[in-house]
Amino acid sequence: MSAVSDYQLTKAWEEVLRLSRLEPGQTVTILCAPYTNPQTLRTALVAAQNAGAIVTTIELPPINAEKATSRDRLNWLGETPLSNNPVALAALKTSDLVLDLMVLLFSPEQMEILGSGTKILLAVEPPEILVRAVPTQEDRRRVRRATEVLSKARLMRVTSPAGTDATFRIGDFPTIGEYGFCDEPGRWDHWPSGFLFTFANEGGSDGTIVIDKGDILLPQKNYMADKITLTVRDGFVREIEGDIDAQLMREFMEAYKDPEAYAMAHIGWGMQPRCYWHTLSLLDREQTVGMDARAFEGNFLFSLGPNNEVGGPRTTACHLDIPLRNCTVELDGVVVVRDGKVVEEALQ
């Protein structure tokens, strides 16, 4: 049972829609599935109607049952219930705003919808997290400022007391900031959010990454009980060493039977002070996709797998997001995160 009232969640939706510049008479399509949180859906309907929008709801059945190994909606990417559904796709492309309560992430259909100028806001976390992490203009200002700094850098180095020491050549792909609302045509964002990232150049990642005790693997949504050491060379993870957690990670990736699963993908850091490292320990793992873990302030968030989100060639269905604590992140020799704390003066 939710700890959030319909009134509270409706007010949260109204604020997010206001920040997303929804205007009376615009069209909003709510994309959902049988597993969509019913409170999130009904309050989104009310908030969009209160804003004067013309609202349509599209519910699509799930797919990938024979492929995905869990119920997590980020466990198998690329193919979605929208695949091979031109009727639904046409409706979404002619909308001003799509509220994605299903998960289109990393799909070609999402790219096509955004290319038409439609805005997409993903919101699949439980109501308690949505209400706690309602975005603000200050979130946008901080993320955009940091995004500008990252976009000018050409070398990222990440170190940690656990033994991480890796370098990433960057600049070939755009830098993306997520702050939780869609205020420009063709923009995608995720509520809740608050982090920034770019993608390492193809073949441009080298070194050692240590996933320390207490760090988190997503979509597994597990806190590590022991260290996992990744050897990265020429843009790919070449070795995964450690005890049982390393074995679990290795078998998870092997199950996709795709060498692109081992490629370095996005790299960046968290900027959201209202998201927390500890939250995942309080929830059943099927309740959340782990946005607190991705966005908590000062993490170093890296991923393995696809880069088609920014026009890259890799479309593997395997995608891991791995936030690390206590890291120091340098951009062209300038420290922007020191020991897991954002260095604000470096991001001015």
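These values consider heavy atoms only, across backbone and side chains, with no hydrogens, waters or symmetry-generated copies. Keep in mind it's a predicted model, so treat the numbers as computed, not measured.
- Listed by first and then second residue, the salt bridge (charged side-chain N to carboxylate O under 4.0 Å, His left out) pairs involving residues 335-348 are Arg142-Glu344, Arg145-Glu344 (not counting sequence neighbours).
- The list of salt bridge (charged side-chain N to carboxylate O under 4.0 Å, His left out) pairs with a residue in residues 247-256, not counting sequence neighbours, is empty.
- Residues Trp269 and Leu301 form no side-chain contact, since every pair of their non-hydrogen atoms from C-beta on lies 4.5 Å or further apart.
- In this structure, Lys119 does not pair ionically with Glu184, as no charged nitrogen and carboxylate oxygen lie closer than 4.0 Å.
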Q: I would like to know whether Leu104 and Leu82 meet side chain to side chain contact (heavy atoms under 4.5 Å, CB included); could you show each step before the answer?
A: CA-CA 8 Å; Leu104 287 174; Leu82 194 58; 3.8 Å; yes

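- The side-chain heavy atoms of Leu45 and Val55, taken from C-beta on, include a pair separated by under 4.5 Å.
- A distance of 11.5 Å separates CD1 in Ile209 from CD1 in Ile228, rounded to the nearest 0.5 Å.
- The distance from the OG atom of Ser160 to the CG atom of Asp212 is 6.5 Å, given to the nearest 0.5 Å.
- Under the 3.5 Å distance criterion, the side-chain polar atoms of Asp215 are matched with a main-chain donor or acceptor of Arg325.
- Salt bridge annotation for Arg294-Asp321: present, with a cationic side-chain nitrogen under 4.0 angstrom from a carboxylate oxygen.
- Distance check: Leu283 CG to Asp292 CG gives 8.0 Å after rounding to the nearest 0.5 Å.
- Under the 4.0 Å criterion applied to side-chain N and carboxylate O atoms, Asp165 and Arg157 are assigned as salt-bridge partners.
- For the pair Val337/Val335, no side-chain contact is recorded, criterion being any heavy-atom separation below 4.5 Å from C-beta on.
- A donor-acceptor contact shorter than 3.5 Å is absent between the side chain of Asn222 and the backbone of Met224.
- Judged by distance alone, with hydrogens and angles left aside, the side-chain atoms of Thr229 form no donor-acceptor pair with the main-chain N or O of Val210 at under 3.5 Å.
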Donor-acceptor contacts, no H, no angles, side chain residues 170-182, under 3.5 Å, sequence neighbours left out:
unit_1, atom_1, unit_2, atom_2, d
Glu178, OE1, Ser193, OG, 3.0
Tyr179, OH, Asp183, OD1, 2.8
Tyr179, OH, Arg187, NE, 3.3

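- Glu202 pairs by the salt bridge (Lys or Arg N to Asp or Glu O under 4.0 Å) definition with Arg314, not counting sequence neighbours.
- Side chains of Trp13 and Asn50 form no contact here, defined as non-hydrogen atoms less than 4.5 Å apart.
- Of the N and O atoms on the side chains of Glu125 and Thr288, at least one donor lies less than 3.5 Å from an acceptor on the other residue.
- A side-chain donor-acceptor contact under 3.5 Å links Thr316 and Asp258.
- Taking the charged nitrogens against the carboxylate oxygens, Asp6 and Arg42 do have a contact shorter than 4.0 Å, which makes a salt bridge.
- Thr57 places a side-chain heavy atom less than 4.5 Å from the side chain of Cys32.
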Q: Give the C-alpha distance, both sets of side-chain angles, the deciding distance and a yes or no for side chain to side chain contact (heavy atoms under 4.5 Å, CB included) between Val28 and Asp96.
A: CA-CA 6 Å; Val28 173; Asp96 293 297; over 6 Å; no

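- Atom OG1 of Thr29 and atom CG of Leu92 lie 5.5 Å apart (nearest 0.5 Å).
- Separation of atoms OG1 (Thr164) and CG (Leu230) is listed at 8.5 Å; rounding is to 0.5 Å.
- Under the 3.5 Å distance criterion, the side-chain polar atoms of Thr118 are matched with a main-chain donor or acceptor of Lys93.
- Listed by first and then second residue, the salt bridge (charged side-chain N to carboxylate O under 4.0 Å, His left out) pairs involving residues 262-277 are Asp139-Arg274 (not counting sequence neighbours).
- Note that CG of Leu97 is 8.5 Å distant from OG1 of Thr27, once rounded to the nearest 0.5 Å.
- Legend: ring-ring contact (aromatic ring centres under 6.0 Å, His included) pairs involving residues 200-241, not counting sequence neighbours, sorted by first then second residue: Tyr223-Trp277.
- Judged by distance alone, the side chains of Thr43 and Thr10 never bring a donor and an acceptor atom under 3.5 Å apart.
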